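Sequence positions, counted from 1, serve as the residue numbers for this chain. Nothing here was measured: the structure is a model prediction, and the numbers come from that model.
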Amino acid sequence: MVNLLKNDRLLKALLRQPVDVTPVWMMRQAGRYLPEYREVRQQAGDFMSLCKNPELACEVTLQPLRRFDLDAAILFSDILTIPDAMGLGLYFTEGEGPRFMHPITTHQQVLQLPIPDPEQELRYVPDAVRLIRKNLNGSVPLIGFAGSPWTLATYMVEGGPSKTYNKIKTLMYQQPATLHLLLDKLAKAIIVYLSAQIAAGVQVIMLFDTWGGVLTTPDYQEFSLNYMKQILLALPKESEGRELPKILFTKQGGNWLESMATAGCEGVGLDWTIDIGQAKSRIGAQVALQGNMDPALLFAKPERIEQEVARILESFGHGSGHVFNLGHGIQPTTPIEHVKIFIDAVHRLSAQYH
């Protein structure tokens, strides 16, 4: 099935094989900047109802591909599906983001956390994957994903987003054994969850370590990277007769690129705080690089957007192994016409480097 992909640039670039132009997709490409997404979201009632409805999740996954010449679809879901299925009572508040009714505060709570069955409690995710693959009909590959154990644990212990990370860091420094137990459980749950996504048909896997960058170097190695390594090494190497690329993204992880490159991934995601040329000289011989335009640049004038695309392409230089992306998710108020300018510029300006 996979060998019939009409456009496999993303898979080739992640495996550092020759491509005609640099592939491009965007984190959060299915989202609030699209009026058609806002309509479906309203129809669903709320964000989690949208995630849990495979037909609607399929629809919003496909929406950006109808507008733009993207080289991949990414499953519409959320990184907090696993803690939700563990019974923490996920809900969303307007303007504040995700919250949990039952945050983790004790060792006993961690002991009692179940590992959700992806074909039971999380069935809506593989169901959505199967439906999206059917509707994509081999046009572009489908990316599946999960949050990293450290990032999920941060939300579960803090009870929502945080600016200081006091609760999770207090747990880490006062009761490291409890945190390790939680991270170990999450790693096991993520392995089962991502394996189910792969079995259902995703062709690339991405691990989002959104909060890894708030740690010290030794703590990042112990509490974040070690668990991501466990996950990456436990996942299938191939699917549908083809190598299955995995991307590891730690926001503000520029200090640790060398460690990330040896964690068992084929691609390392970069945010906009690191120069892609420097990243290539450090780890480009080992892994592909994904990134890394500042999402705020999509608010600039068209010529400035093109200028930045050209600068990043030039910084990476010749050859394969670059997947163009934003350094983090696209912002909800981004002008749609600027997205088209960005994506078209990547394809047009990158041909000379291949």
Assess the side chains of Glu59 and Gln63: does a donor N or O sit below 3.5 Å from an acceptor N or O?
yes
Are Phe208 and Leu248 joined in one hydrophobic group, where the rule is that I, L, V, M, F, W and Y side chains link up if heavy atoms are under 4.5 Å apart?
yes
Say you draw a straight line from CZ of Arg16 to CD of Glu266; how long is it, rounded to the nearest 0.5 Å?
9.0 Å
Cluster membership besides Met101, Ile/Leu/Val/Met/Phe/Trp/Tyr side chains within less than 4.5 angstrom, sorted by chain and number, is Tyr91
Quick one: pull up NZ in Lys12 and CZ in Arg9 and give me the separation to the nearest 0.5 Å.
9.5 Å
Measure the shortest side-chain to side-chain distance between Arg67 and Lys340 over non-hydrogen atoms and say whether it is less than 4.5 angstrom.
no
side-chain contact (heavy atoms from CB on, under 4.5 Å) between Glu55 and Cys58, intermediate numbers included:
CA-CA 5 Å; Glu55 286 75 22; Cys58 174; 5.7 Å; no
Exercise: do Thr22 and His347 side chains pair donor with acceptor under 3.5 Å
no
With a 3.5 Å cut-off and no angle check, do the side chains of Thr217 and Trp256 form a donor-acceptor pair?
yes
To the nearest 0.5 Å, what is the distance between CD1 on Ile168 and OG1 on Thr154?
4.5 Å
Do Asp71 and Asn7 have a side chain donor and acceptor closer than 3.5 Å?
yes
Side chain Thr250, main chain Gly212, donor-acceptor under 3.5 Å
no
In sequence, state the C-alpha distance, the side-chain angles, and the governing distance for Ile247 and Ile205, and then conclude on side-chain contact (heavy atoms from CB on, under 4.5 Å).
CA-CA 6 Å; Ile247 305 162; Ile205 285 293; over 6 Å; no
Do you see a donor-acceptor pair shorter than 3.5 Å between the side chains of Thr105 and Gln109?
yes
Could you report the tightest heavy-atom contact between Val157 and Pro103, atom names first, then the distance?
O-CB, 4.1 Å
Is there a side-chain contact between Ile312 and Glu308 in this structure, where contact means two heavy atoms from C-beta onward sitting under 4.5 Å apart?
yes
Grab the two heavy atoms, one from Gly264 and one from Lys246, that are nearest each other, plus how far apart they are.
O-CD, 4.4 Å
With rounding to the nearest 0.5 angstrom, report the CG to CG distance, Leu194 to Leu207.
6.0 Å
Within the structure provided, determine whether Met172 and Leu183 are in side-chain contact (heavy-atom separation under 4.5 Å).
no
In the single-linkage hydrophobic clustering (I, L, V, M, F, W, Y; side-chain heavy atoms under 4.5 Å), do Trp272 and Leu298 co-cluster?
no
Can you list the steps and then say if Ser195 with Leu235 is a side-chain contact (heavy atoms from CB on, under 4.5 Å)?
CA-CA 6 Å; Ser195 298; Leu235 292 175; 3.6 Å; yes
Quick check: closest heavy atoms across Leu225 and Ser259, and the distance to 0.1 Å?
CD2-CB, 3.5 Å
Determine, step by step, whether Ser148 and Met228 satisfy the side-chain contact (heavy atoms from CB on, under 4.5 Å) criterion, reporting the C-alpha distance in whole Å, the side-chain angles of both residues, the deciding distance to 0.1 Å, and the verdict.
CA-CA 6 Å; Ser148 71; Met228 291 194 287; 3.7 Å; yes
Shared hydrophobic cluster, Phe145 / Val192 (ILVMFWY, side-chain heavy atoms < 4.5 Å):
no
Could you walk me through whether Arg348 and Asp344 pass the salt bridge (Lys or Arg N to Asp or Glu O under 4.0 Å) test, one step at a time?
CA-CA 6 Å; Arg348 190 177 74 253; Asp344 293 348; over 6 Å; no
Heavy-atom closest contact (Ile190 atom, Gly147 atom, distance):
CD1-O, 3.2 Å
cation_pi(Lys280, Phe316) dist<6.0 Å, angle<=45
yes
Could you check Tyr155 against Phe100 for ring pair (Phe, Tyr, Trp, His ring centres under 6.0 Å), going step by step and ending with a plain yes or no?
CA-CA 8 Å; Tyr155 277 110; Phe100 286 113; 7.2 Å; no
Distance-only side-chain donor-acceptor flag, Asp271 / Thr273, under 3.5 Å
yes
Hey, are the side chains of His322 and Tyr353 touching, using non-hydrogen atoms and a 4.5 Å cut-off?
no
Close side-chain approach of Lys237 and Leu244, heavy atoms under 4.5 Å
no
Ring pair (Phe, Tyr, Trp, His ring centres under 6.0 Å) evaluation trace for His180 with Phe223
CA-CA 7 Å; His180 276 303; Phe223 293 96; 4.6 Å; yes
Can you find a pair of side-chain heavy atoms, one from Asp84 and one from Asp78, that are under 4.5 Å apart?
no
Considering all heavy atoms of both residues, which atom of Leu10 and which atom of Ala72 are nearest to each other, and what is their separation?
CD2-CB, 3.7 Å
Within the 3.5 Å criterion, strictly below it, is a donor on Thr81 or Tyr193 matched to an acceptor on the partner's side chain?
yes
Hydrophobic clustering (ILVMFWY, side-chain heavy atoms < 4.5 Å, transitive) - are Leu186 and Leu113 grouped together?
yes
Do the ring centers of Tyr37 and Phe76 come within less than 6.0 Å of each other?
yes
When you look at Trp211 and Tyr165, which way does the ring pair (Phe, Tyr, Trp, His ring centres under 6.0 Å) test go after all the steps?
CA-CA 9 Å; Trp211 305 127; Tyr165 309 96; 5.5 Å; yes
Cluster question for you: counting only ILVMFWY and a side-chain heavy-atom cut-off of under 4.5 Å, with indirect links fine, are Leu111 and Leu171 together?
yes
Below 4.5 Å, heavy atoms only, C-beta onward: do Ile74 and Met27 meet side chain to side chain?
no
To the nearest 0.5 Å, what is the distance between CG on Leu50 and CD on Gln42?
12.0 Å
Residues Gln290 and Trp25: side-chain donor-acceptor under 3.5 angstrom:
yes
Salt bridge (Lys or Arg N to Asp or Glu O under 4.0 Å) between Arg242 and Asp8, worked out:
CA-CA 11 Å; Arg242 191 168 189 163; Asp8 61 357; 2.7 Å; yes
Can a side-chain donor-acceptor contact be found between Tyr33 and His338 if the only test is distance below 3.5 angstrom?
no
Rounding to 0.5 Å, atoms CD (Glu158) and CD1 (Ile104) come to a distance of 12.5 Å
Could you tell me if the side chain of Ile343 sits less than 4.5 Å from the side chain of Met26, heavy atoms only?
yes
Which pair of heavy atoms, one from Arg99 and one from Gly160, lies closest together, and at what distance?
NH1-CA, 3.5 Å
